[in-house]
Amino acid sequence: MNSEQLVELLKSRLPSEIFQWRLDRKTDKVRLEHTVLNKGMDISLPEIIAKYELKNEKAIDEIIYTIGETFKAMEKEQQEGFTASGNIYPVIRSTSFPVKSKAGKMFITKDHTAETRIFYALDLGTTYRLIDESMVETMGIVEKEMMEAALFKVRSLPTSVRQDEVSGNYFYFVNNKDGYDASRILNSAFLKSMEGKIEGHMTVSVPHQDVLIIGDIRNDTGYDVLAQMTMQFFTTGAVPVTSLSFYYENEELEPIFILGKNRVARREGKKK
């Protein structure tokens, strides 16, 4: 399949009276404009063609779905009068997570700890899309303002916890399954409120994107339990982040290395 054939296939799957298409053969991109919303997006064709060779029609289904959800978000923005940045959340990823999209576009990121990095995602309702530099330009938003708005959004998310006790140590789980559970690590007010409940050492863990674990470690056994727990979550999560945990003290996060049974090493990391 070549670029022209792909564009024709996409046109056949989307209502032509709503969309206008402009193929740029030099950049191998197509500009898709929504004539009702007066908004549009640039679609990189080589990436979709590569996916099509692997997945066939499933790849087309995925891009059609993404286009539809993106324009739904834009329509909601227009109807409800909120800015594009109001639909953006921060997401936590490992520092080994790619900082470029498959199309070679740099994602918008911010340093967090020595083990984690903050990315930003446009929420599309049932999924989200990581924001890259080209999307920032398309949406016409200021990067700094977007980051601040995203942080405000994550602070508004619910922070209900489930408590568990193991060998005299207490663990609190945030697991709302909304795609932003690990992002609650950026909610400083929530972490501060949890600190007030902790009697031992407070730990914070984000083994994968769909869970945040607060630990109240009151004895040496607690560290072994924490290490086993985070590793299990890390290996079973759909989007793993880090199997390491962090001490939370003075509003700072410091990575913990649990070397073996009841042996703990601390290392200075980047500040929260």
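Numbers for residues simply follow the sequence, beginning at 1.
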Only residue of Glu8, Glu57, Glu62 satisfying salt bridge (Lys or Arg N to Asp or Glu O under 4.0 Å) with Arg13 is Glu57
For Ile118 against Asp111, the heavy-atom pair lying closest together: CD1-O, 4.3 Å
Are Val36 and Phe71 side-chain neighbours, meaning at least one heavy-atom pair lies under 4.5 Å? no
Leu45 to Ser3 - nearest heavy-atom pair and separation: CD1-CB, 3.6 Å
Could you see if Met41 belongs to whatever hydrophobic cluster contains Ile18? Use Ile, Leu, Val, Met, Phe, Trp, Tyr and a side-chain cutoff under 4.5 Å. yes
Answer with yes or no whether the hydrophobic clustering places Ile64 together with Phe19; edges join I, L, V, M, F, W, Y residues whose side-chain heavy atoms lie under 4.5 Å apart. yes
Pairwise side-chain contact, Leu186 with His112, heavy-atom cut-off 4.5 Å (strictly under): yes
Work out which heavy atom in Met146 is nearest to a heavy atom in Ile108; give both atom names and the distance. CE-CG2, 3.6 Å
Answer yes when Arg129 and Asp123 have at least one side-chain N-carboxylate O distance shorter than 4.0 Å, and no when they do not. no
Distance (rounded to the nearest 0.5 Å) between Tyr180 OH and Leu157 CG: 8.5 Å
ILVMFWY network linking Leu151 to Val142, side-chain heavy atoms under 4.5 angstrom: no
Within 6.0 Å of NZ in Lys11, more than 12 heavy atoms from elsewhere: yes
Tell me, do Ser94 and Thr116 make a side-chain contact under 4.5 Å, heavy atoms counted? no
Is there a side-chain contact between Phe173 and Phe233, using heavy atoms and a 4.5 Å cut-off? yes
Does the distance from a Lys or Arg side-chain N to an Asp or Glu carboxylate O, for Arg25 and Asp28, drop under 4.0 Å? no
First locate atom CG of Leu32, then atom CG of Leu10, and finally report the distance between them rounded to the nearest 0.5 Å. 8.5 Å
Is any side-chain N of the basic residue among Arg184 and Asp178 closer than 4.0 Å to the acidic one's carboxylate O? yes
The test is side-chain contact (heavy atoms from CB on, under 4.5 Å); show your working for Val211 and Val174 and say whether it passes. CA-CA 6 Å; Val211 69; Val174 178; over 6 Å; no
Is there a side-chain contact between Lys58 and Ile60, using heavy atoms and a 4.5 Å cut-off? no
Does the side chain of Gln209 reach to within under 4.5 Å of the side chain of Asp181, using non-hydrogen atoms? no
Taking atom CZ of Arg117 and atom CZ of Phe107, what is their separation to the nearest 0.5 Å? 12.0 Å
Minimum heavy-atom distance Tyr247-Ile256, with the two atoms named: CD1-CG1, 3.4 Å
How about Phe234 and His208: are their ring centroids closer than 6.0 Å? no
Does the pair Tyr52 and Ile63 meet the rule for a side-chain contact (heavy atoms from CB on, under 4.5 Å), with working shown? CA-CA 10 Å; Tyr52 181 80; Ile63 186 61; over 6 Å; no
To the nearest 0.5 angstrom, please state how far the CD1 atom of Ile217 sits from the CE atom of Met202. 11.0 Å
Any chance you could lay out the side-chain contact (heavy atoms from CB on, under 4.5 Å) test for Thr203 and Tyr248, step after step, and finish with the verdict? CA-CA 6 Å; Thr203 63; Tyr248 178 80; over 6 Å; no
Is the backbone of Pro90 close enough, under 3.5 Å, to the side chain of Ser183 for a donor and an acceptor to pair up by distance? yes
So which pairs with a foot in residues 197-210 pass salt bridge (charged side-chain N to carboxylate O under 4.0 Å, His left out), sequence neighbours left out? Glu199-Arg218
No-hydrogen, no-angle side-chain donor-acceptor test under 3.5 Å, Arg31 and Gln20: no
Among residues two or more places apart or on two chains, list those pairs meeting side-chain hydrogen bond (donor to acceptor under 3.5 Å, both in side chains) that have a residue in residues 156-172. Asn169-Asn219
How about Tyr120 and Tyr128: are their ring centroids closer than 6.0 Å? no
Looking at every non-hydrogen atom in both residues, tell me the closest pair between Pro207 and Ile213 and how far apart they are. CG-CD1, 4.1 Å
Gap separating the CD1 atom of Ile92 from the CG atom of Leu212, nearest 0.5 angstrom: 9.5 Å
Looking at CZ of Phe246 and OG1 of Thr230, how far apart are the two atoms once the value is rounded to the nearest 0.5 Å? 10.5 Å
Quick one: closest heavy-atom pair of Val154 and Asn187, and the distance? O-ND2, 4.1 Å
In sequence, state the C-alpha distance, the side-chain angles, and the governing distance for Ile43 and Val7, and then conclude on side-chain contact (heavy atoms from CB on, under 4.5 Å). CA-CA 10 Å; Ile43 302 171; Val7 171; over 6 Å; no
Is the closest side-chain heavy-atom distance between Met106 and Lys100 below 4.5 Å? yes
Is atom NZ of Lys192 surrounded by more than 12 heavy atoms (other residues, nucleotides or ligands) closer than 6.0 Å? yes
Whether the side chain of Asp24 engages the backbone of Val30 through a donor-acceptor N/O pair (distance < 3.5 Å, no angle test) should be reported. no
